[in-house]
Amino acid sequence: MERGRFITFEGGEGCGKSTQVKRMKEALESAGRKVLLTREPGGTRLAELVRTLLKDEREDPPCDRAELLLFLAARAQLVRNVIRPALDSGVWVVSDRFSDSTFAYQGYGRGLPLDVLAIANDFACEGLRPDLTILLDVPPEVAARRMREREQATNTAADRIESAGEAFHSRLRAGFIELARRDPGRIVVIDASGTPDEVWEAAWKSLKRFG
Ligand code: T5A
């Protein structure tokens, strides 16, 4: 049986990933593929519990190393129990975030050493790498406006990581671009400041590599 493909979407807060991953799932299914949509952190019961801790724990917030290890624990569980079995059975997997978020947020954002992250991440995901990563890049002011509008529309507040401050968010945007520069064969950078339709057109085009 032909192995499924593993596609990830990445980018800073409010870049529009969640909007685009849903479209990707629908489009691939219309093209006759079996598709599993997942997200990080999350996608299993344990990983969803870890997600809540990571996003919302403010009374005893994880220190940078604990934060890293929690993201990796969630990833290990998701890869072993969900992503690998799906890919092995021919299902295409589309994930809202994966390893590049760790390098951008915990590496470039928090300042943890990238070489340590590389080894720890490889251990957590047993060497699994995406076949294609779509990086949605938006200027910080566009992202901030979208997040503000969403918070107003849904009457919610920014979570612990979203509230990390402007300097943190600039570092992680630059970090994502650096990751793409280092791995141009896998990571496609898309200007995500346009309409959802414009962004989707560019995202869909990037799948041409799969024939
Ligand atoms: N994290 C994650 C780490 O620090 N390390 C890691 O290893 C991993 C895996 C996850 C958090 O964890 C961090 C990163 C995150 O801080 P999350 O809630 O999943 O938390 O956060 P995000 O992944 O950032 O998801 P969001 O839902 O907040 O943002 P999205 O997915 O980028 O954006 P989306 O699609 O929900 O859109 C945001 C708003 O903009 C609108 C949407 O309708 C929505 O209201 N929108 C657009 N508006 C105009 N034009 C467009 N093109 C638009 N696209 C969407």
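Order of appearance sets the numbers: ligands from 1, and atoms from 1 within every ligand. Side-chain atoms are counted along with the backbone in the values below, which use heavy atoms only and exclude waters and symmetry mates.
- Nearest protein neighbour of atom 29 (O) of ligand 1, counting heavy atoms only, is Gly14 N, 3.7 Å.
- At a 4.0 Å heavy-atom cut-off, ligand 1 touches Arg75 through the side chain alone.
- Ligand-side atoms of ligand 1 in range of Cys15: 32 (O), range being under 4.0 angstrom from any heavy atom.
- Counting the atoms of ligand 1 from 1 in the order shown, those under 4.0 Å from a heavy atom of Met147 are 28 (O).
- The nearest heavy-atom contact from the protein to atom 19 (O) of ligand 1 is Arg51 NH2, 3.0 Å.
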* Please report the C-alpha distance between Lys55 and Asp159 in whole Å, then the side-chain angles of each, then the deciding distance to 0.1 Å, and finally whether the salt bridge (charged side-chain N to carboxylate O under 4.0 Å, His left out) criterion is met. => CA-CA 6 Å; Lys55 283 172 70 85; Asp159 66 33; 2.6 Å; yes
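- In this model, a donor atom of one side chain and an acceptor atom of the other lie less than 3.5 Å apart for Arg75 and Thr102.
- Considering OH of Tyr105 and CD of Glu67, their distance stands at 10.5 Å, rounded to 0.5 Å.
- At the shortest separation from atom 20 (O) of ligand 1 among protein heavy atoms lies Lys55 NZ, 3.1 Å.
- For the residue pair Ser193 / Asp191, a side-chain donor-acceptor distance below 3.5 Å is found, with atom types taken as modelled.
- The environment of Arg58 atom CZ is dense: over 12 non-hydrogen atoms of other residues, nucleotides or ligands sit within 6.0 angstrom.
- Ligand 1 does not have Gly11 within reach: every non-hydrogen atom of the residue lies 4.0 Å or more from it.
- Residue Leu49 is found outside any hydrophobic cluster, as its side-chain heavy atoms come under 4.5 Å of no other Ile, Leu, Val, Met, Phe, Trp or Tyr.
- Between Asp137 and Arg173, at least one side-chain nitrogen of the basic residue sits less than 4.0 Å from a carboxylate oxygen of the acidic one, meeting the salt-bridge criterion.
- With a heavy-atom cut-off of 4.0 Å, Leu136 does not touch ligand 1 at all.
- If you check each of Arg150, Glu13, Glu198 against atom 26 (P) of ligand 1, the one with the closest non-hydrogen atom is Arg150.
- For ligand 1, the atoms closer than 4.0 angstrom to any heavy atom of Gly16 are 30 (P), 32 (O), 33 (O), 34 (P), 35 (O), 37 (O), 54 (N), 55 (C).
- When each atom of ligand 1 is checked for a heavy atom of Glu40 under 4.0 Å away, the hits are 9 (C).
- With a heavy-atom cut-off of 4.0 Å, Ile161 touches ligand 1 through its side chain alone.
- Looking only at protein heavy atoms, the nearest one to atom 7 (O) of ligand 1 is Thr102 OG1, 2.6 Å.
- The protein atom (non-hydrogen) at minimum distance from atom 52 (N) of ligand 1 is Gly194 O, 2.9 Å.
- Inter-residue side-chain proximity for Leu78 and Arg39 is flagged as unmet; no heavy-atom pair is nearer than 4.5 Å.
- Here the closest heavy-atom approach between residue Ala192 and residue Val199 is recorded as CA-CG2, 3.7 Å.
- Proximity of Arg39 to ligand 1 is not established, as no heavy-atom distance is less than 4.0 Å.
- When heavy-atom distances to ligand 1 are checked against a 4.0 Å cut-off, Glu149 has no atom that comes that close, whether in backbone or side chain.
- Residue contact check: Glu162 has heavy atoms under 4.0 Å from atoms 28 (O) of ligand 1.
- Considering only non-hydrogen atoms, atom 2 (C) of ligand 1 lies nearest to Phe71 out of Phe71, Trp200, Phe103, Phe98.
- Looking at Gln106, Glu10, Lys17, Arg160 and measuring to atom 22 (P) of ligand 1, the nearest heavy atom belongs to Lys17.
- Annotation for ligand 1: atoms under 4.0 Å from non-hydrogen atoms of Thr195 are 52 (N).
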* Asked: Run the salt bridge (charged side-chain N to carboxylate O under 4.0 Å, His left out) check on Arg186 and Asp100 step by step: do they pass?
  -> CA-CA 11 Å; Arg186 172 176 66 86; Asp100 296 298; 2.8 Å; yes
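- The protein non-hydrogen atom at the shortest distance from atom 31 (O) of ligand 1 is Ser18 OG, 2.5 Å.
- Annotation for Glu40 and Arg97: closest pair CB-O, 3.4 Å, computed over non-hydrogen atoms.
- A donor-acceptor pair shorter than 3.5 Å can be found between the side chains of Asn121 and Ser99.
- In this structure, Ala104 has no heavy atom closer than 4.0 Å to ligand 1.
- A side-chain contact (heavy atoms from CB on, under 4.5 Å) with Phe98 is found for one member of Val93, Thr38, Thr8 and no other, namely Thr8.
- In terms of heavy-atom proximity, Leu179 sits nearest to Ile187 at O-CD1, 3.6 Å.
- For atom 49 (C) of ligand 1, the nearest non-hydrogen atom of the protein is Arg146 NE, 3.4 Å.
- What sits closest to atom 35 (O) of ligand 1 on the protein, heavy atoms only, is Thr19 OG1, 2.6 Å.
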